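Following: one structure in structure tokens, then a few remarks.
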Amino acid sequence: MSERREGNAMKGRKVLTAVAITAGLALSVAGCGGGDDGKSGKETSSSTPAKQDGGEKQDKASPGAPADRTMAEVKSNGITLTVTSAARDGGGFVTVSGRVLNSTEGRWIGAEWISDEQELKKNGGSLAGASLVDETGKKKYLILRDTSGRCLCTTFQGGVPQGGTIDWFAQFPAPPEGTTKVQLQVPTMPPATVEISEGE
């Protein structure tokens with residue numbers, strides 16, 4: 001009888017030991033699988049563009065989010081416009097994107113960038129007034145719009161708070177394939193020379 005009890009006790013200890021080892025392994029695996037994936041903690045109030053040093057992952061908020069390389073940067077009245085990408089797409093248009101930093105003393109809504117065209121004024125604060133200028137070909141390309149007359153560009157709904165940044169994009173008809181450099185012209189801002197790259 002005592003031998004049977006001892007055998008049962010031994011079996012119980014073995015089961016508890018196996019459970020403890022399994023739990024320990026599970027915790028070890030969970031510890032190795034966690035950690036920072038480089039996609040959290042993105043600052044929206046920094047005026048320093050992201051750098052390509054090959055050692056850090058960069059955030060991409062959306063398909064239209066800007067690339068890491070700064071192609072051009074212009075400033076006026078407390079607003080900094082940074083261009084990080086100008087890609088030619090297969091559909092016959094160019095998508096220009098980047099960031100806007102608001103260094104004014106209050107919320108900025110982009111009202112001064114509205115297009116003069118009546119149809120585009122319903123976009124409110126936006127990049128609807130932007131254009132691409134091909135100085136060599138002596139042509140100006142206005143912002144594209146959808147069938148409802150809304151610009152294919154970022155609208156600044158709610159505005160940008162003081163010290164804040166926002167990613168932006170704007171789409172234009174594509175210049176001829178031989179044209180690689182154009183000027184992005186945004187109302188109230190100096191022109192920014194950008195180089196067009198071939199889209200993926």
Side-chain angles (χ1 to χ4, degrees), residues 44 47 49 60-67 70-177 179-199:
T44 58
S47 61
K60 289 189 178 180
S62 68
T70 297
M71 299 176 66
E73 186 176 274
V74 291
K75 300 178 181 181
S76 178
N77 301 321
I79 299 298
T80 301
L81 175 73
T82 302
V83 182
T84 57
S85 176
R88 188 189 300 272
D89 296 287
F93 56 89
V94 169
T95 301
V96 185
S97 56
R99 288 180 297 276
V100 173
L101 167 65
N102 174 20
S103 297
T104 67
E105 295 181 355
R107 184 171 291 273
W108 179 79
I109 61 172
E112 63 270 32
W113 292 0
I114 294 175
S115 172
D116 290 334
E117 294 183 63
Q118 192 64 38
E119 184 183 33
L120 290 174
K121 286 187 177 180
K122 61 186 173 185
N123 290 279
S126 68
L127 277 151
S131 61
L132 287 185
V133 175
D134 174 8
E135 292 186 323
T136 303
K138 300 186 183 335
K139 287 187 178 180
K140 183 176 185 178
Y141 300 89
L142 302 179
I143 201 91
L144 290 172
R145 64 199 77 185
D146 62 19
T147 54
S148 300
R150 297 191 178 278
C151 74
L152 297 180
C153 67
T154 296
T155 57
F156 304 109
Q157 295 181 356
V160 183
Q162 179 183 7
T165 62
I166 187 172
D167 292 343
W168 62 267
F169 82 96
Q171 292 184 328
F172 305 89
E177 289 189 7
T179 301
T180 57
K181 286 189 177 181
V182 291
Q183 280 193 344
L184 173 67
Q185 295 187 348
V186 178
T188 74
M189 304 296 289
T193 301
V194 296
E195 186 171 351
I196 299 175
S197 63
E198 296 299 322

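Numbers here simply count residues along the sequence, with the first being 1. Note that this is a predicted model, so its numbers are computed, not measured. Scope of the values below: all heavy atoms of this structure, side chains included, with no hydrogens, waters or symmetry mates.
- Taking the six-membered ring for Trp, Trp108 and Phe156 have ring centres closer than 6.0 Å.
- Thr154 contributes a side-chain N or O that, together with a main-chain N or O of Phe169, makes up a donor-acceptor pair within less than 3.5 Å.
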Inset, instruction - Go through the steps for Gln162 and Arg107 under the test side-chain contact (heavy atoms from CB on, under 4.5 Å), then give the verdict. - result: CA-CA 5 Å; Gln162 179 183 7; Arg107 184 171 291 273; over 6 Å; no
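- Of the inter-residue distances, the one linking Leu142 atom CG with Phe172 atom CZ reads 8.5 Å to the nearest 0.5 angstrom.
- Just one of Val182, Thr84, Leu132, Leu127 meets the side-chain contact (heavy atoms from CB on, under 4.5 Å) condition when paired with Val96; it is Leu132.
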Legend entry - Residue pair Asp89, Thr95: steps toward the side chain to side chain donor-acceptor pair (under 3.5 Å) verdict: CA-CA 7 Å; Asp89 296 287; Thr95 301; 3.1 Å; yes
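- Atom-to-atom distance recorded for Ser197:OG and Met71:CE is 6.5 Å, nearest 0.5 angstrom.
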Inset, instruction - Give the C-alpha distance, both sets of side-chain angles, the deciding distance and a yes or no for side-chain contact (heavy atoms from CB on, under 4.5 Å) between Ile79 and Leu101. - result: CA-CA 6 Å; Ile79 299 298; Leu101 167 65; over 6 Å; no
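- Of the inter-residue distances, the one linking Gln183 atom CD with Glu135 atom CD reads 4.0 Å to the nearest 0.5 angstrom.
- The existence of a salt bridge linking Glu198 and Arg88 is confirmed by a sub-4.0 Å separation between a basic side-chain nitrogen and an acidic carboxylate oxygen.
- Separating the CD1 atom in Ile109 from the OG atom in Ser126 is a distance of 11.0 Å, to the nearest 0.5 Å.
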Inset, instruction - Go through the steps to decide whether Thr188 and Glu112 satisfy the test side chain to side chain donor-acceptor pair (under 3.5 Å), and finish with yes or no. - result: CA-CA 7 Å; Thr188 74; Glu112 63 270 32; 4.7 Å; no
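- At least one donor-acceptor pair closer than 3.5 Å links the side chain of Thr104 to the backbone N or O of Gly106.
- Of the possible polar contacts, one joining the Trp168 side chain to the Arg99 backbone as a donor-acceptor pair under 3.5 Å is found.
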Inset, instruction - Mind running side-chain contact (heavy atoms from CB on, under 4.5 Å) on Glu73 and Thr80 for me, showing each step along the way? - result: CA-CA 7 Å; Glu73 186 176 274; Thr80 301; 3.6 Å; yes
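- Atoms CD and OG, on Gln171 and Ser97 in that order, are 10.0 Å from each other to the nearest 0.5 Å.
- A donor-acceptor contact shorter than 3.5 Å links the side chain of Trp113 to the backbone of Pro187.
- Under the 3.5 Å distance criterion, the side-chain polar atoms of Asn102 are matched with a main-chain donor or acceptor of Pro161.
- Contact annotation: the side chain of Val83 approaches that of Leu184 to within less than 4.5 Å [non-hydrogen atoms, C-beta and beyond].
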